[in-house]
Amino acid sequence: MKNFVYVLLGLLFIQFPTYAQGTLEGIFSGTRMINGHSLETNKEGELEMIISHRFGRINSGGYELFGLDQATIRLGLEYALWDGMMVGVGRSSFEKTYDAFAKIRLFRQSRSNRGMPFGATYLGSVAMKTLRESDPVKDELPASNLFFTHQLLIGGRAGDRFSWQLMPTVVHRNFVETAEEAHDVFALGGAFRIGVSKNMSLVVEYYGPFAGQLTEDRLPSLAFGLDIDTGGHVFQIHVTNSRGMVEKVFITDTTGDWSRGDLHIGFNIGRIFKLKGRWY
């Protein structure tokens with residue numbers, strides 16, 4: 001893991017070419033794809049509140065109202081210290097998890113065909129599960145409930161309607177249940193967005209851990225969504241086989257099987273408040 005982290009952190013100090021004039025903005029509708037982050041960052045002085053909601057599994061039947069009786073929620077606050085640099089915190093009801101992250105834009109895609117053909121953003125996050133353990137020994141070791149994620153978000157736009165993103169990722173888990181599981185889980189994510197109108201887009205997101213790192217019941221995370229940009233906020237509605245809304249959960253702990261209908265309907269709502277500078 002150390003070598004991987006050193007490579008990512010080293011990217012922060014590489015002198016990439018800059019294109020202050022003629023770079024692309026708004027490759028995606030907001031700072032989130034569906035479960036994970038997009039390479040977008042908010043502008044300096046913007047505070048965004050994000051409410052993420054997941055219902056239970058659709059195939060739970062009529063007694064559970066097809067998942068509507070079961071729900072998990074994440075509340076998050078994210079602040080842009082300056083253009084291209086964001087920090088955020090959140091709390092999820094699932095496993096009573098707290099999380100925090102820092103997000104740094106490395107470079108933007110250029111409008112010119114001779115410039116940078118894509119953009120990139122680094123994301124580092126930490127999550128802590130606070131659900132009380134049945135094992136008293138583990139409950140006395142808070143560090144066992146810490147999880148760390150490093151991502152390189154690489155993406156761009158092709159034309160006016162199509163955007164893409166790749167997400168090489170490593171998740172470090174301080175504690176694993178069996179010796180066969182890896183503490184460092186490497187995964188590759190991919191996503192794309194297709195604009196269907198001025199304010200609406202279709203989004204697909206996938207995260208696949210590399211083989212041999214997790215137990216057999218852990219599956220790749222796959223989600224389909226619809227983004228609606230109202231100007232003041234972005235509303236996202238989606239269906240996914242993952243219940244969690246932090247990287248550790250949807251990358252390493254997804255157990256839902258699309259072929260069996262283990263699907264969750266959910267939504268994200270993001271509202272931006274301008275705390276510094278003028279509205280643009």
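Hydrogens, waters and symmetry mates play no part in the numbers below; they use all other heavy atoms, side chains included.
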Notebook entry, point to check: Val239 and His264: side-chain contact (heavy atoms from CB on, under 4.5 Å), yes or no, with the steps?
Noted result: CA-CA 5 Å; Val239 58; His264 305 268; over 6 Å; no
Margin query: For Asp83 and Thr41: C-alpha separation, side-chain torsions, deciding distance, then whether side-chain contact (heavy atoms from CB on, under 4.5 Å) applies.
Written below: CA-CA 7 Å; Asp83 289 356; Thr41 57; over 6 Å; no
Next item on the list: Determine, stepwise, if the pair Asn35 / Ile251 fulfils side-chain contact (heavy atoms from CB on, under 4.5 Å).
Entry: CA-CA 10 Å; Asn35 293 312; Ile251 293 176; over 6 Å; no
Notebook entry, point to check: What's the verdict on side-chain contact (heavy atoms from CB on, under 4.5 Å) for Leu226 and Gln236, showing C-alpha distance, side-chain angles and the deciding distance?
Noted result: CA-CA 6 Å; Leu226 175 68; Gln236 301 172 309; over 6 Å; no
Item checked: Check against salt bridge (Lys or Arg N to Asp or Glu O under 4.0 Å), Arg32 and Glu205 -> CA-CA 11 Å; Arg32 288 297 195 279; Glu205 178 194 72; over 6 Å; no
Checklist line | Stepwise salt bridge (Lys or Arg N to Asp or Glu O under 4.0 Å) check, Glu44 with Lys276 | finding: CA-CA 7 Å; Glu44 181 179 0; Lys276 182 178 179 182; 2.8 Å; yes
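The side-chain heavy atoms of Lys103 and Met85, taken from C-beta on, include no pair separated by under 4.5 Å. Contact check for Gln165 versus His37: no side-chain heavy atoms found under the 4.5 Å cut-off. Considering only heavy atoms from C-beta on, Asn42 comes within 4.5 Å of Thr31 through its side chain. For the pair Leu77 and Tyr79, the minimum side-chain heavy-atom distance is 4.5 Å or more. You'll find the side chain of Ile73 reaches within 4.5 Å of the side chain of Ile51, heavy atoms only. Side-chain atoms of Phe55 and Phe267, non-hydrogen and from C-beta on, do get closer than 4.5 Å to each other. No side-chain heavy atom of Leu75 sits under 4.5 Å from any side-chain heavy atom of Arg91. Phe94 places none of its side-chain heavy atoms less than 4.5 Å from the side chain of Arg54.
Judged by distance alone, the side chain of Arg74 and the main-chain N or O of Ser92 form no donor-acceptor pair under 3.5 Å. Without hydrogens or angle criteria, Gln213 side chain to Phe186 main chain gives a donor-acceptor distance under 3.5 Å. A donor-acceptor pair is defined here as one N or O able to donate and one able to accept, closer than 3.5 Å; no such pair exists between the side chain of Thr252 and the backbone of Val249.
A donor-acceptor pair shorter than 3.5 Å cannot be found between the side chains of Ser144 and Asn174. For the residue pair Asn145 and Arg173, no side-chain donor N or O sits within less than 3.5 Å of a side-chain acceptor on the partner. Checking Gln151 against Thr169 by side-chain atom types alone, a donor-acceptor pair falls below 3.5 Å. Residues Asp257 and Asn241 have side chains that never bring a donor and an acceptor to within less than 3.5 angstrom of each other. Between the side chains of Arg157 and Ser163, no donor-acceptor pair of N or O atoms lies under 3.5 Å. A donor atom on one side chain and an acceptor atom on the other are found under 3.5 Å apart for Ser242 and Thr254.
A single hydrophobic cluster is not seen to contain both Met128 and Phe147; linkage of ILVMFWY side chains at heavy-atom distances under 4.5 Å, directly or through other members, places them apart. Connection of Tyr98 to Phe175 is not established within any shared hydrophobic cluster, with ILVMFWY side chains joined at heavy-atom distances below 4.5 Å, either directly or through further cluster members. Ile154 and Phe107 end up in the same hydrophobic cluster when Ile, Leu, Val, Met, Phe, Trp and Tyr side chains are linked at under 4.5 Å. Linking Ile, Leu, Val, Met, Phe, Trp and Tyr whenever their side-chain heavy atoms come within less than 4.5 Å puts Val87 and Phe273 in one cluster. One hydrophobic cluster, built from ILVMFWY side chains closer than 4.5 Å, cannot hold both Phe101 and Ile50; they sit in different ones.
Considering all non-hydrogen atoms of both residues, His150 and Gly124 come closest at ND1-CA, 4.5 Å. Taking all atoms of both residues into account, the shortest heavy-atom contact from Met33 to Phe28 is CE-CE2, 3.6 Å. Scanning both residues, Ser201 and Arg193, for their nearest heavy atoms gives OG-NE, 3.0 Å. Closest heavy-atom contact between Thr72 and Ser93: CA-OG, 3.3 Å. Listed here is the closest heavy atom pair of Ser221 and Thr240: OG-OG1, 4.2 Å. Heavy atoms only, all atoms of each residue included: Leu219 and Gly256 are closest at CD1-O, 3.3 Å.
Between Met200 atom CE and Asp227 atom CG the span is 9.5 Å, to the nearest 0.5 Å. Of the inter-residue distances, the one linking Ile265 atom CD1 with His53 atom NE2 reads 11.0 Å to the nearest 0.5 angstrom. Rounded to the nearest 0.5 angstrom, Lys248 NZ and Ser125 OG are separated by 12.5 Å. A distance of 13.0 Å separates CG of Leu123 from CZ of Arg105, quoted to the nearest 0.5 Å. With values rounded to the nearest 0.5 angstrom, Ile272 atom CD1 is found 13.5 Å from Met49 atom CE. Separation of atoms CD (Glu95) and OG1 (Thr130) is listed at 9.5 Å; rounding is to 0.5 Å.
Residue Asp217 places its CG atom among more than 12 non-hydrogen atoms of other residues, nucleotides or ligands, all under 6.0 Å distant.
Here ring pair (Phe, Tyr, Trp, His ring centres under 6.0 Å) pairs that include residues 203-227, with residues two or more places apart or in two chains, are Tyr207-Phe250, Phe224-Trp258.
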